[in-house]
Amino acid sequence: MIDPQYLRNNLDEVVEVLKPRGYVFDKDTFFSLEQERKKLQVETQTLQQERNARSKAIGQAKAKGEDVEPILAEVANMGDRLKACEEKLNEVQTKLSAIMMEIPNIPHESVPQGKTEEDNEEIRRWGEKPEFAFEPKDHVDLGAGLDQMDFETAAKIASSRFVIMKGQIAQLHRALVQFMLNTHTQDHGYTEVNVPFLVNADSMRGTGQLPKFEEDLFAIPEHGFYLIPTAEVPVTNIVRDEILDHKDMPQRYVCHTPCFRSEAGSYGRDTRGMIRQHQFEKVELVQMVRPEDSWQILEELTSHAEAILQKLGLHYRVVTLCTGDLGFSAAKTYDIEVWLPSQNTFREISSCSNFEDFQARRMKARWRNPETGKPELLHTLNGSGLAVGRTLLAVMENYQDTDGRIHIPEVLQPYMGGREIIG
RNA sequence: GGAGAGAUGGCAGAGCGGUUGAAUGCACUGGUCUUGAAAACCAGCAAGGGUUAAUAGCCCUUCCAGGGUUCGAAUCCCUGUCUCUCCGCCA
């Protein structure tokens, strides 16, 4: 949520900066609701003040044994007036907060202007494309050749967009998880956490998945649960409704979870293979930091995700998402895209964002600033470090040989019992 | 699933219809004392919101959440959530 006070005082400016995001803000509706809110709130509070004063007087009179009838007569029908006022105010405030909850974050000034992913800005590349003396296969064919990846049976058990991995491919998948967790805890100073995969609606609202993107989520309505689409949700919500001591800042968490996404609206896109699944695993980096540090930490966090690809020797590039491609809650996002030989292109494997105080305001996540002694909103960031399924297929495709075997990157070999090759 | 107990400020913990935003202790902050520290003593210390030029003043809301009773609710009633203890079941 953006700062309501800021929105009120800078209405025109906010409308302008949100336009490039493709967000059309109904200024007139908001303005008239806001006028009404102001009027009703002042009226309600005045009535409340009056009631409080009268009630206090009754108490005092009774204590002295005086007659309270005259004061009681004064407050005779105040209750009804107050109630009516409160109800109207409530209505207006519910409408206003519904509007506030659907306003996306304001992009940082360094975010490039643009409409689609075509306008994203490449900022660096690492490594080189692998050279193949043969036509490289994609991971689906490689997995089928090894008899270790089975989409048909997964479709029978669940539906499309699921996979069954077997044998060494399943082990390689697990090895990637271990390798990522160990690297981030040992080299980058993150604390490993294990969290619920089902969360309540408050948590989804806190990080911004609700109310606007309900159709992207899997839900279990009879229990009030949602399946997490990313570990960002449970991990970031650790600090919801908390006031952190400055000594406990920053907080850095790394978390491995499955992620569940309905992929509504992406029918027909990436239907082949493991690129876009209803269920996939991800190792997520989450930080809660002092506001003044968040932009530097976005760079660090991105480099932590990059470090995994570097150690795996996978060619990648980093792009800054343009205003039109930016996610709802983010002020700025770097996507890391890994090279996929089969598609002859880069594909997203990590998304690292600074949300500034957007999520913190929704969550009431604060820290006590020792300089002011007051609770202030903290800043939240997160990034994939990395998406495990996509990393697996990147390893398979980039390390294949002419016989359809997979050469295991050196850093993963200890997790594979010393094995150097699959197939 | 059954029975019982509970949920109050950063933490612990009183209060159980009237001037209580809330005793007390701990923690924290400032001061006195001290070469310094500790101890002792003194003082301060909840959050959110409205109004406003104001981080000034005034006002409102908040004692798990949501309803209700009342002139007045932390205190009474109803519903829900969560925690703890015992029993049952169980990875």
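What you see is a predicted model; the values in this text were computed from it and never measured. Residue numbers begin at 1 in each chain, while the letters A, B, ... track the order of the sequences.
In this structure, H246(A) atom NE2 and C28(B) atom C1' are separated by 11 Å, rounded to whole Å. Rounded to whole Å, atom C1' of C82(B) lies 13 Å from atom CG of D202(A). The distance from atom CD of Q48(A) to atom P of G72(B) is 12 Å, rounded to the nearest whole Å. Remark: C1' of A73(B) and CZ of R51(A) are 11 Å apart, rounded to the nearest angstrom. Here the P atom of nucleotide U20(B) and the CG atom of N52(A) are 14 Å apart, to the nearest Å. Following rounding to the nearest Å, R361(A) (CZ) and G48(B) (C1') show an atom-to-atom distance of 13 Å. As rounded to whole Å, 10 Å separates atom C1' of G50(B) from atom NZ of K38(A). One atom, CG of L47(A), and another, C1' of U61(B), lie 15 Å apart when rounded to the nearest Å.
Here G50(B) is the nucleotide among C60(B), A47(B), G50(B) with the atom lying nearest to any side-chain atom of R8(A). Counting only heavy atoms from C-beta on, I243(A) has its side chain closest to G10(B) among G10(B), U19(B), G50(B). Considering only side-chain atoms of Q60(A), the nucleotide from U19(B), C71(B), U51(B) that sits closest is U19(B). The listed nucleotides are U19(B), U51(B), C59(B); the one nearest the side chain of K56(A) is U19(B). Minimum atom distance to the side chain of K83(A) is reached by U69(B), of the listed G18(B), G49(B), U69(B).
Remark: the separation of the P atoms in G49(B) and A56(B) is 15 Å, to the nearest Å. The separation of U75(B) from G17(B), taken at their P atoms, amounts to 11 Å, rounded to a whole angstrom. Of the C1' atoms belonging to C16(B) and A73(B), the separation is 10 Å, rounded to the nearest Å. Comparing the C1' positions of U24(B) and A37(B) gives a spacing of 29 Å, expressed to the nearest Å. Taking atom P in both U81(B) and A40(B), the straight-line distance is 47 Å, to the nearest Å. Taking atom C1' in both C63(B) and A74(B), one finds a spacing of 5 Å when rounded to whole Å. When the P atom is used for both U8(B) and A14(B), the distance is 11 Å, rounded to whole Å. The C1' atoms of C78(B) and C58(B) are separated by 37 Å, rounded to the nearest whole Å.
Pair assignment for C76(B): G68(B), on the basis of Watson-Crick or G-U wobble contacts that are both within less than 3.5 Å. Pair check for C63(B) finds none; no Watson-Crick or G-U wobble contact set falls under 3.5 Å. Nucleotide C16(B) forms no Watson-Crick or G-U wobble pair with any nucleotide shown, as no partner meets the under 3.5 Å limit on both distances. In this structure, A27(B) forms no base pair with any nucleotide, since neither Watson-Crick nor G-U wobble geometry is met with both distances under 3.5 Å. With a 3.5 Å ceiling on both atom-pair distances, the Watson-Crick or G-U wobble partner of U83(B) is A5(B). Summarising the base pairing, U52(B) is matched to no nucleotide, lacking a Watson-Crick or G-U wobble pair whose two defining distances lie under 3.5 Å. The base-pairing partner of A91(B), taking Watson-Crick or G-U wobble contacts with both distances under 3.5 Å, does not exist among the strands shown. Pairing partner, C33(B): none, since no Watson-Crick or wobble contact has both distances short of 3.5 Å.
The pair R261(A)-E263(A) does not count as a salt bridge, with every side-chain nitrogen at least 4.0 angstrom from each carboxylate oxygen. Using a cut-off of 4.0 Å between Lys/Arg side-chain N and Asp/Glu carboxylate O, D325(A) and K115(A) are scored as not salt-bridged. Ionic pairing of R8(A) and E34(A) is present here: one or more N-O contacts between side-chain nitrogen and carboxylate oxygen are shorter than 4.0 angstrom. K19(A) has a carboxylate O that lies under 4.0 Å from a charged side-chain N of E16(A), or vice versa, which qualifies the two as a salt bridge.
If R368(A) and Q41(A) are placed on RNA chain B by their nearest nucleotide, the residue sitting closer to the 5' end is R368(A). For the pair K62(A) and I58(A), both in contact range of RNA chain B, the more 5′-proximal nearest nucleotide belongs to K62(A).
In this model, the phosphate group of G50(B) is approached by a side-chain N or O of Q5(A) to a distance below 4.0 Å at OP1 or OP2. Of the side-chain N and O atoms in R37(A), one or more sit less than 4.0 angstrom from OP1 or OP2 of U51(B). Residue R366(A) has no polar side-chain atom (N or O) positioned under 4.0 Å from OP1 or OP2 of G10(B).
Aromatic pair Y190(A)/H304(A): ring centres closer than 6.0 Å. Between H379(A) and W295(A), the distance from one ring center to the other does not fall under 6.0 angstrom.
Nucleic acid contact for R81(A): none, since no nucleic acid atom lies under 4.0 Å from a heavy atom of the residue. Residue E43(A) is classed as having no contact, given no heavy-atom separation below 4.0 Å to the nucleic acid. Using a 4.0 Å heavy-atom criterion, one finds that K364(A) contacts no nucleic acid atom at all.
Although no hydrogens or angles enter the test, the distance criterion places no donor-acceptor pair under 3.5 Å between the side chain of E36(A) and the main chain of V92(A). A donor-acceptor pair is defined here as one N or O able to donate and one able to accept, closer than 3.5 Å; no such pair exists between the side chain of S203(A) and the backbone of V233(A).
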